[in-house]
2 protein chains.
Amino acid sequence: MKHGQIEALKQLALAGAAKGHTDITSSELGKSMGVSQQTASNRILELVELGMLTRETVYRRQRIRITDKGLAVLRKEYMDFRRLFEAYDRLTITGEVATGSGEGRYYLQQNEYRKQFERILGSTPFEGTLNLRVKGREAGKLTLLESLDGILVNGFKSEGRTFGDVNCFLAAIRDKKCAVIIPLRSHHRGIVEVISTQRLRDVFNLDDGDFVAIDIDVSSKA
Amino acid sequence: MKHGQIEALKQLALAGAAKGHTDITSSELGKSMGVSQQTASNRILELVELGMLTRETVYRRQRIRITDKGLAVLRKEYMDFRRLFEAYDRLTITGEVATGSGEGRYYLQQNEYRKQFERILGSTPFEGTLNLRVKGREAGKLTLLESLDGILVNGFKSEGRTFGDVNCFLAAIRDKKCAVIIPLRSHHRGIVEVISTQRLRDVFNLDDGDFVAIDIDVSSKA
DNA sequence: ATTACTATATTTCGAGTAT
DNA sequence: TATACTCGAAATATAGTAA
């Protein structure tokens, strides 16, 4: 099915052919679509041929109704856009508490990062990260999260080393404010790293293997 | 702006370029659009040229983000569809009580019509119509109503005369169930004709010139 | 007025291919 | 692997026009 056909269906629907009927000329339809009368006429013929419109002539105009088949096409388009514009802005990922490599602690000790995390969390961050290992369905959410733009934490150079940009999302674990950090130039490791103002293992008395759900605000921007 | 461009924008948005970014190849985009790699590549170039996308190269893939300008185009499309699928199903028209030509009463005396109106109202209709004259903005609503498909009341022949099809909508005046009838082959006269099981002038003590609001259920179908 | 046909003009596509 | 160029082919739009 061509795009011009869907556009014609849409214009006819907007003119009232979806709920009832519309009496329209091919010139008028062409004008609303930004094409010629001839092209519009063709569209109507094509759509009738496809069984998406019914047509009768009334007072030299075409009385057009969109059939259920035509309506289904429009509804599919609509659903695509709904997915786009009515997507959630919260994401909950559940993971298993795991012991990290100590890398997170090393990063949190870097003053350039600390200053920026402090602005995000509202207070000095604890010098370490909580690592949550995610698997299966939850890993898909992590992939999604990695594609989103959150709060950008700028990289820097220090002691001859390069520290890269970090993507950051505000989040909460059982209403305790925290943040998920995602190094921008790293590959997927199935680990969610969480920072907070306190040591989360202590706050919630967590041990390796405990499952924790984290609510992430994916709408958070710089 | 071409349709192919809007389709490309939509596909990129669905791939995540609206909320964040998507790393995609021109082949992949082409596949999702049902066009070749070359065409998809062209679309991306065109959209960048139009300022609707930003692009950088990451790991031999194109990291694409939709700009606010691109998002505006998608949002406009979405709004068109929303108008289509989230339209009201009630319409209130206010009109002035007027004395009709007596035609309504004549129609209501025809047994073929009476039987069908009785099925619609649930009980025998009163042998007459209440005429409401509508003007200005309200007249526009009447035009809209005339374009909708309601409950079809079939025409017939009797005493050598042809009685045409009538379009009918369930309605209510101050919670009193009634119906609006619209002869299918008549021209707009700025009059809403209302039938009910009782004489509405008596029920509400109406005189010519009184204003009455009628709530019409435009979703009512045969 | 219309619709819609035919013929021509224009656009768009994608295979081949350089980078 | 990619992207993106050229160019011949295919598809599409429109002008002119008949009914």
- Given dT2(C), dA4(C), dG14(C), the nucleotide with the shortest approach to the side chain of V35(B): dG14(C)
- Item | I6(B) CD1 to dT12(C) P, straight-line distance once rounded to whole Å | 13 Å
- Query: Expressed in angstrom and rounded to an integer, what is the separation of N42(B) atom CG from dG14(C) atom P?
  - Reply: 11 Å
- So among L132(A), V134(A), L91(A), which one has a side chain to side chain contact (heavy atoms under 4.5 Å, CB included) with L142(A)? V134(A)
- NA contact type, S26(A), heavy-atom cut-off 4.0 Å: base, sugar-phosphate, or nothing? sugar-phosphate
- Could you state the atom-to-atom distance from CG of L53(A) to P of dT3(C) in whole Å? 14 Å
- Task: May I have the distance from L29(A) (atom CG) to dT3(C) (atom P), rounded to whole angstrom?
- Result: 10 Å
- Can you find a side chain N or O atom of R61(B) that sits less than 4.0 Å from OP1 or OP2 on dT1(D)? no
- Item | d(NZ, K2(A); C1', dA13(D)) in whole Å | 10 Å
- Nearest-Å distance, CD (Q37(A)) to C1' (dG16(D))? 11 Å
- Take atom CZ of R65(B) as the centre, draw a 6.0 Å sphere, and report whether it contains more than 12 heavy atoms from other residues, nucleotides or ligands. yes
- Could you tell me whether the side chain of Q62(B) has a donor or acceptor atom within less than 3.5 Å of a complementary atom in the base of dA2(D)? no
- Item | Identified pairing partner of dT1(D), criterion: Watson-Crick or G-U wobble below 3.5 Å | none
- Task: Mind calculating the distance between CD1 (I24(A)) and P (dT2(C)) to the nearest angstrom?
- Result: 12 Å
- Message: What I want to check is whether an N or O donor and acceptor connect the side chain of Q38(A) with the base of dA15(D) at under 3.5 Å.
- Response: yes
- Query: Regarding Q11(A) and E7(A), is there a side-chain donor-to-acceptor distance under 3.5 Å anywhere?
  - Reply: yes
Side chains of residues 156-167 of chain A: which donor-acceptor pairs under 3.5 Å do they make with residues two or more places apart or in other chains?
{"from": "D165(A)", "atom 1": "OD1", "to": "G155(A)", "atom 2": "N", "distance (Å)": "2.7"}
{"from": "N167(A)", "atom 1": "OD1", "to": "G150(A)", "atom 2": "N", "distance (Å)": "2.9"}
{"from": "N167(A)", "atom 1": "ND2", "to": "L148(A)", "atom 2": "O", "distance (Å)": "2.8"}

- For the side chain of T39(B), counting heavy atoms from C-beta on, which of dA2(D), dC13(C), dA4(D) is nearest? dC13(C)
- Message: Students often get this wrong, so: under 4.0 angstrom with heavy atoms, is I44(A) touching a base, only sugar-phosphate, or nothing?
- Response: nothing
- Measure from CD on E7(B) to C1' on dC13(C) and round the result to the nearest Å. 16 Å
- Message: Is it true that T129(B) and E193(B) share a donor-acceptor pair across their side chains at a distance under 3.5 Å?
- Response: yes
- Message: Please determine whether a side-chain nitrogen or oxygen atom of R55(B) lies at a distance below 4.0 Å from atom OP1 or OP2 of dA4(D).
- Response: yes
